[in-house]
Number of protein chains: 2
Amino acid sequence: MASIKDVAAEAGVSVATVSRVLNGHPSVSPGARTRVLAAVDALGYRPNAVARSLRTDQTHTLGLVISDVLNPYFTELARSVEEEARAHGYSVIIGNADEQPELQDHHVRNLLDRRIDGLLVSPTDGGSPLMLDAAHTGTPMVFVDRWIPGVDVPVVRADGREAVRDLVTHLHGLGHRRLAIIAGPAATMTGSERVEAFREALREYGLPLPDAYVGQGDFQAASGRRATEAFLNLPEPPEVVFATDNLMALGALDAIRARGMSVPHDIALAAFDDIPWFVHTDPPITAIAQPTGELGRAAVRALVDRIEGRPPQSVTLTARLVVRRSCGEPQAAQPRTMPSRSMQPPPKQPPSTQRSIT
Amino acid sequence: MASIKDVAAEAGVSVATVSRVLNGHPSVSPGARTRVLAAVDALGYRPNAVARSLRTDQTHTLGLVISDVLNPYFTELARSVEEEARAHGYSVIIGNADEQPELQDHHVRNLLDRRIDGLLVSPTDGGSPLMLDAAHTGTPMVFVDRWIPGVDVPVVRADGREAVRDLVTHLHGLGHRRLAIIAGPAATMTGSERVEAFREALREYGLPLPDAYVGQGDFQAASGRRATEAFLNLPEPPEVVFATDNLMALGALDAIRARGMSVPHDIALAAFDDIPWFVHTDPPITAIAQPTGELGRAAVRALVDRIEGRPPQSVTLTARLVVRRSCGEPQAAQPRTMPSRSMQPPPKQPPSTQRSIT
DNA sequence: CCTCCTTGTGGAATCGATTACATGGAGGAT
DNA sequence: ATCCTCCATGTAATCGATTCCACAAGGAGG
């Protein structure tokens with residue numbers, strides 16, 4: 001593979017001049033410029049990004065560590081991250097942690113070794129020493145979706161509190177009183193936060209949330225199945241299961257089907273995270289939708305700001321309830337007329353661009 | 001960030017010795033070794049992969065260029081590729097071409113500039129000059145799923161001919177006679193191949209495949225919708241739509257629903273590529289399943305073979321039909337009793353390890 | 001006509017590793 | 001005791017870029 005030296009020789013100039021031409025440095029004569037360009041063309045020369053990175057200490061690469069690529073939510077996130085990064089001139093290396101802290105550490109270490117310019121993380125756990133250390137020693141970093149409290153790292157996320165309240169309102173309006181939730185790992189912020197929001201909303205309606213109605217999941221389908229089976233084995237099973245992510249909802253659906261029961265007739269089902277497939281399941285599933293694409297883009301913008309020396313901002317967008325038929329009573333014509341205060345005025349600004357600064 | 005020089009100074013040895021310790025070179029005294037290790041620990045030193053790559057001309061990185069990350073089939077492929085690569089000590093950079101040749105070229109160029117050790121491609125088109133050039137100039141490369149004919153690059157793929165024949169047998173057995181297909185882009189090998197297999201199977205049953213029953217798609221949901229609408233507008237619409245990938249099947253389902261028709265009562269639907277969600281759609285969709293995970297793993301093995309100087313082998317695995325309810329007549333108890341010759345003896349070797357050498 | 005500044009260019013240092021080669025000392029064979 | 005070998009180690013070249021500095025030529029200004 002041709003190097004800058006070959007180009008210099010071919011063009012009859014020094015490597016310095018070649019470099020200047022390639023980097024658009026002004027001080028190059030038109031003659032030299034054309035000869036260099038011709039040589040580049042003739043040799044099919046492409047600059048070696050590895051060498052360039054070593055010298056400039058910039059890789060123009062972002063690392064993205066997510067907890068589960070197979071989860072459509074994260075897939076979409078990854079896609080929007082890559083798009084926005086490309087628009088800013090960065091590439092992205094994705095690390096799939098598969099909800100395993102050790103794997104997450106492996107990827108963080110690997111990305112750090114490769115000297116990526118910045119790191120986007122959706123932490124699987126409360127934060128390993130490695131990651132905390134990276135944050136402290138000044139690696140540009142941004143948390144997306146999930147985060148670790150007490151660390152000075154900007155967070156880009158969607159707030160689901162209101163949407164959860166809307167959901168509870170919706171369920172209550174349909175006459176459901178015994179509501180259960182499948183929680184995510186307590187170690188993740190989103191895990192505990194969603195349960196908290198649910199508990200609070202229930203309190204507003206004077207509904208209890210017995211311990212038996214809080215299933216412990218790990219954001220994977222199998223755990224959703226297990227938790228749901230436990231619910232169904234209860235002397236008084238819940239009327240509604242709310243899964244705090246889409247895969248656990250899928251597991252719940254499996255468990256319900258395996259019992260020969262049907263949704264929403266025998267039991268209602270709702271999920272956090274809306275994905276295209278929920279429209280096509282049997283029945284279509286009521287879910288809380290995050291502005292996933294905008295989340296990814298905002299995260300990249302924050303990270304690039306940080307990398308390029310501008311002050312990065314935390315961003316909080318809002319999630320919204322999407323009512324379908326999995327909780328009963330298909331409200332055919334007027335799909336979203338709920339007696340909830342949060343349903344009152346449509347937000348002035350589109351929710352997807354709403355920014356709050358921390 | 002500490003460099004090897006700092007470690008050398010801390011340990012009171014030369015950089016050469018540090019490097020030797022780090023690379024497990026035998027000729028290092030135990031004393032020096034412990035001192036170096038202590039220094040590494042004290043400084044939290046991690047070797048700079050960029051510098052190492054420059055010197056050794058190896059990045060221990062594989063590039064994977066796929067046509068669409070949002071397609072669950074490719075997501076699963078990407079996941080298995082990353083896993084197997086990691087097991088071999090390689091990282092993976094994924095490029096999402098989004099079915100656009102220019103974007104595909106962008107990623108290939110980018111990966112080449114980063115001097116990845118090898119390239120795994122599922123080509124979106126017939127092959128740009130850039131990619132052909134890379135193949136010729138000796139970049140280790142392997143095609144996975146899709147491929148470009150006439151290029152000397154190993155191919156790892158699943159053969160769907162038999163499964164397609166099984167599908168036609170299944171459909172014919174259910175009484176369907178007017179079968180339509182939504183094809184992928186003609187530029188992709190898998191696109192034309194699947195249509196060919198379908199056409200051939202139809203011929204065996206003496207069924208015609210009129211041009212009007214061949215919809216032109218691009219492996220995206222929207223095109224599946226369009227093609228299906230066109231079918232339904234025909235004076236004599238087909239009784240079955242076979243989508244050659246899962247996203248187009250989704251689009252087809254949309255189009256059918258939009259007409260107020262139901263599957264399989266009004267029209268049957270089948271898809272190439274099986275994905276977890278097909279179990280949960282309404283109705284569950286009959287599909288041809290590829291051994292996706294094994295495909296990804298085999299592709300990595302072939303590529304690593306090529307990189308490390310062993311002769312790489314093309315691999316062809318077999319796809320198989322998974323009957324569900326989207327074509328009618330839920331055959332409850334005995335799920336797969338089809339009157340097809342291909343259903344006769346179970347393969348001696350598990351299909352997932354079946355290798356054919358090209 | 002001389003000086004000074006600008007512009008274009010090349011030489012060489014540098015980034016952080018690996019590794020060929022040189023060197024010095026210890027130990028074994030004769 | 002001498003010589004040879006082998007082991008541990010250091011010095012320095014190298015990978016392919018970028019960039020500081022020096023320098024020459026040419027133009028402007030006095």
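Numbered from 1 within each chain, the chains take letters A, B, ... in sequence-line order.
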Among [options], the one nearest [X] by side-chain distance:
X	options	value
Ala32(B)	dT9(D), dT11(D), dG11(C)	dT9(D)
Ser29(A)	dT9(C), dC15(D), dA17(D)	dT9(C)
Thr17(B)	dT9(D), dT11(D), dG16(C)	dT9(D)

If I take atom NE2 from residue His107(A) and atom CG from residue Asp98(A), how far apart are they, to the nearest 0.5 angstrom?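 So the gap between those two atoms works out to 9.0 Å.
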Could you check how far [atom1] of [X] sits from [atom2] of [N], rounded to whole Å?
X	N	atom1	atom2	value
Lys5(A)	dA17(D)	NZ	C1'	10 Å
Asp113(A)	dA17(C)	CG	C1'	13 Å
Arg115(A)	dA17(C)	CZ	C1'	11 Å
Arg46(A)	dG16(D)	CZ	P	16 Å
Ile4(B)	dT14(D)	CD1	C1'	15 Å
Asn48(B)	dA17(D)	CG	C1'	14 Å
Leu54(B)	dT18(C)	CG	P	12 Å
Asp6(A)	dG16(D)	CG	P	8 Å

Using a heavy-atom cut-off of 4.0 Å across all strands, would you classify [X] as base, sugar-phosphate, or nothing?
X	answer
Val13(A)	sugar-phosphate
Asp57(B)	nothing
Ala49(B)	nothing
Ser19(B)	base
Val18(A)	nothing

Please identify which of these residues, Asp117(B), Leu111(B), Val50(B), meets the side chain to side chain contact (heavy atoms under 4.5 Å, CB included) condition with Thr59(B). Asp117(B)
Please name the residue in the list Ile4(B), Val7(B), Asp6(B) that meets the side chain to side chain contact (heavy atoms under 4.5 Å, CB included) test with Val40(B).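 Between Val40(B) and the candidates, side chain to side chain contact (heavy atoms under 4.5 Å, CB included) is satisfied uniquely by Val7(B).
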Strictly below 4.0 Å, N to O, side chains only: are Arg109(A) and Glu102(A) in salt-bridge contact?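 No, Arg109(A) and Glu102(A) are not salt-bridged.
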On DNA chain C, nearest-nucleotide positions of Ser14(A) versus Ala2(B): which is more 5'? Ser14(A)
Counting only side-chain N and O atoms of Asn23(B), is one of them less than 4.0 Å from OP1 or OP2 of dT18(C)?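 Answer yes for this pair, as a side-chain N or O of Asn23(B) is under 4.0 Å from OP1 or OP2.
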Is Ser27(A) near enough to dG8(C) that one of its side-chain N or O atoms lies under 4.0 angstrom from OP1 or OP2?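 Looking at the OP1 and OP2 atoms of dG8(C), one of them is under 4.0 Å from a side-chain N or O of Ser27(A).
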Determine whether the side chains of Asn96(B) and Glu82(A) contain a donor N or O and an acceptor N or O closer than 3.5 Å.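 No pair is found: no donor N or O on one side chain lies under 3.5 Å from an acceptor on the other.
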With no angle test and no hydrogens, is the base of dG10(D) tied to the side chain of Arg20(B) by a donor-acceptor pair under 3.5 Å? yes
Is it the case that the base of dG16(D) and the side chain of Arg55(B) share a donor-acceptor contact (distance under 3.5 Å, atom types as modelled)?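 Absent.
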Could you tell me whether Asn23(B) atom CG has more than 12 heavy atoms of other residues or ligands within 6.0 Å of it?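 Yes, because the 6.0 Å sphere around CG of Asn23(B) holds more than 12 heavy atoms from other groups.
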Judged by each residue's nearest nucleotide on DNA chain D, which is more toward the 5′ side, Val15(B) or Ala51(A)?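 The 5'-side residue here is Val15(B).
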